[in-house]
Amino acid sequence: MDGETGSPWTDAEIEATVATYFQMLRTQELGQTLNKAEHNRRLQSRIPARSRGAIEFKHANISAVLMEVYDAPQLRGYLPRFNYQSDLVIPVGRALAADRVLDEAALRNVQSAVETPLLDSYDAFVVDVPLRATRRLREPLKDWSTVVPIKRDYLQREALNRSLGLAGEALVLEYEARRLHALGARGLADRVEHVSQTRGDGLGHDILSFETDGRERYIEVKTTAYLAETPFFISPNEAAFSDAHAEQFHLYRVFDFRQSPRMFVLPGAVGAHCRLDPVSFRATLLAR
């Protein structure tokens with residue numbers, strides 16, 4: 001299994017590293033205590049040519065593959081590094097397809113109900129938009145959809161989790177009321193409205209809030225239990241609404257909801273901040 005320090009990773013080293021990552025990921029998704037340092041030390045004993053830092057970097061590459069290729073959960077603490085080599089994609093896909101325990105735990109987590117957390121302070125709730133580093137590839141990008149058909153709809157199932165969505169919106173409602181109250185606009189704070197509940201779910205936004213001068217702020221909330229960088233689903237209606245009302249539209253991305261909820265804000269048209277990929281078509285049989 002030994003590789004030479006500074007040389008390309010061998011297939012055996014990659015397999016061992018992927019196996020360790022998935023062992024940790026199972027532990028995380030099952031809600032058990034995780035000792036990342038000990039996992040790293042034991043893996044170093046199996047692949048001595050690779051340092052602790054090299055292993056951590058490769059684990060961050062695995063996080064990126066899981067996020068970008070498979071729409072699957074990732075390990076917290078190993079932020080995705082997207083300059084991975086293609087020889088990592090297939091081993092990760094094989095491990096994901098074979099791991100029934102992880103699959104069951106991940107599906108249970110994305111579909112389970114949540115309660116809206118009580119925050120004593122919102123001082124650290126809003127964070128900067130995560131910066132995604134420019135990809136520096138040593139090889140051309142591939143379209144893996146035709147090579148690797150293994151993909152579970154974890155993110156789509158989470159997006160359909162009404163309990164999670166409503167809990168995220170409730171947290172944002174309280175944040176908005178506190179924000180306006182702190183800015184001295186107490187009358188406006190009392191008028192913040194959960195319009196997706198009071199007026200219907202097809203408006204193109206979830207919450208009506210305000211600027212301190214009384215101008216309306218349209219807020220769409222997208223909530224995930226995963227990392228800040230996790231892709232999200234937005235409907236054509238919501239995207240069109242963000243275009244038509246760019247000066248007033250704000251997308252609030254709430255993340256890490258089950259552990260330590262925080263959010264970042266994307267103001268204006270969503271397409272100005274995100275690549276919008278079509279993911280499905282509505283199919284109606286042709287007349288015959």
Side-chain angles (χ1 to χ4, degrees), residues 25 28-31 66-67 70-74 76 102-119 122 125-127 151-179 191-209 216-242 245 249-266 270 273-274 276-283:
L25 185 58
Q28 171 186 286
E29 293 300 296
L30 289 168
L66 286 169
M67 176 180 290
Y70 297 106
D71 284 348
Q74 310 93 42
R76 287 187 290 273
L102 173 62
D103 183 52
E104 291 173 5
L107 286 176
R108 183 170 60 249
N109 287 341
V110 298
Q111 295 175 124
S112 61
V114 297
E115 286 287 342
T116 303
L118 299 178
L119 304 184
Y122 282 82
F125 180 59
V126 181
V127 300
K151 180 175 282 195
R152 290 301 299 263
D153 53 352
Y154 301 109
L155 298 187
Q156 191 166 26
R157 289 186 185 224
E158 186 188 58
L160 294 173
N161 184 335
R162 188 161 179 79
S163 172
L164 179 65
L166 288 174
E169 291 167 19
L171 195 61
V172 168
L173 277 168
E174 182 173 353
Y175 166 76
E176 278 298 295
R178 290 197 184 196
R179 178 183 68 84
R191 292 172 54 195
V192 174
E193 183 181 352
H194 196 175
V195 292
S196 65
Q197 298 299 296
T198 60
R199 307 187 195 182
D201 202 24
L203 298 175
H205 63 295
D206 298 311
I207 293 170
L208 173 63
S209 188
E216 293 182 335
R217 175 183 288 203
Y218 305 131
I219 299 171
E220 175 64 25
V221 183
K222 299 294 182 184
T223 305
T224 183
Y226 294 137
L227 303 176
E229 296 86 352
T230 303
F232 55 88
F233 291 90
I234 184 165
S235 71
N237 180 53
E238 291 162 351
F241 186 87
S242 77
H245 302 275
F249 187 88
H250 293 71
L251 189 141
Y252 285 17
R253 179 54 162 163
V254 182
F255 64 94
D256 201 9
F257 192 82
R258 297 178 189 271
Q259 299 292 322
S260 177
R262 285 151 289 154
M263 80 171 187
F264 60 86
V265 179
L266 301 178
V270 176
H273 304 278
C274 304
L276 301 179
D277 299 318
V279 294
S280 62
F281 296 92
R282 181 175 183 268

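FYI, side chains are in, hydrogens and waters are out, and symmetry mates aren't considered; it's all heavy atoms of this structure. Note that the structure is predicted; figures quoted are calculated from it, not measured.
- One finds the CD1 atom of Ile219 at 9.0 Å from the NE2 atom of His205 (value rounded to the nearest 0.5 Å).
- Residues Val126 and Phe264 form no side-chain contact, since every pair of their non-hydrogen atoms from C-beta on lies 4.5 Å or further apart.
- The distance from atom CG of Leu25 to atom CG of Leu30, rounded to the nearest 0.5 Å, is 9.5 Å.
- Between Asn237 and Gly204, the shortest heavy-atom distance links the atoms ND2-N, 3.5 Å.
- Put simply, NZ on Lys222 and CD on Glu169 are 9.0 Å apart, with the number rounded to the nearest 0.5 Å.
- Residues Asp153 and Asp71 form no side-chain contact, since every pair of their non-hydrogen atoms from C-beta on lies 4.5 Å or further apart.
- For the pair Leu171/Leu119, a side-chain contact is recorded, criterion being any heavy-atom separation below 4.5 Å from C-beta on.
- Taking all atoms of both residues into account, the shortest heavy-atom contact from Ala167 to Thr116 is CA-OG1, 3.4 Å.
- Put simply, the side chain of Arg179 does not reach to within 4.5 Å of the side chain of Val172, judged on heavy atoms.
- Tyr252 is not listed as a side-chain neighbour of Ile207, based on a closest heavy-atom distance of 4.5 Å or more.
- Taken to the nearest 0.5 Å, the CZ atom of Phe255 stands 10.0 Å off from the CE atom of Met263.
- Within the 4.5 Å cutoff, no side-chain heavy atoms of Val270 are placed close to those of Glu220.
- Tyr154 is listed as a side-chain neighbour of Asp103, based on a closest heavy-atom distance under 4.5 Å.
- Between atom CG of residue Leu155 and atom OG1 of residue Thr230 there is a gap of 6.5 Å, rounded to the nearest 0.5 Å.
- Heavy-atom minimum distance, Ala239 versus Leu276: CB-CD1, 4.4 Å.
- Atom CG of Asp206 and atom CD of Gln197 lie 8.5 Å apart (nearest 0.5 Å).
- Across all their heavy atoms, Phe233 and Ala159 have their closest contact at CD1-CB, 3.9 Å.
- Looking at Gln74 and Glu229, their side chains never come closer than 4.5 Å, going by heavy atoms from C-beta outward.
- Using a 3.5 Å distance cut-off with no hydrogens or angles, the side chains of Arg258 and Ser112 do pair a donor with an acceptor.
- If you check the side chains of Tyr226 and Glu158, you find no donor sitting under 3.5 Å from an acceptor.
- Between Phe249 and His245, the ring centre distance reaches or exceeds 6.0 Å.
- For Leu164 against Ala225, the heavy-atom pair with the smallest separation is CD2-N, 4.5 Å.
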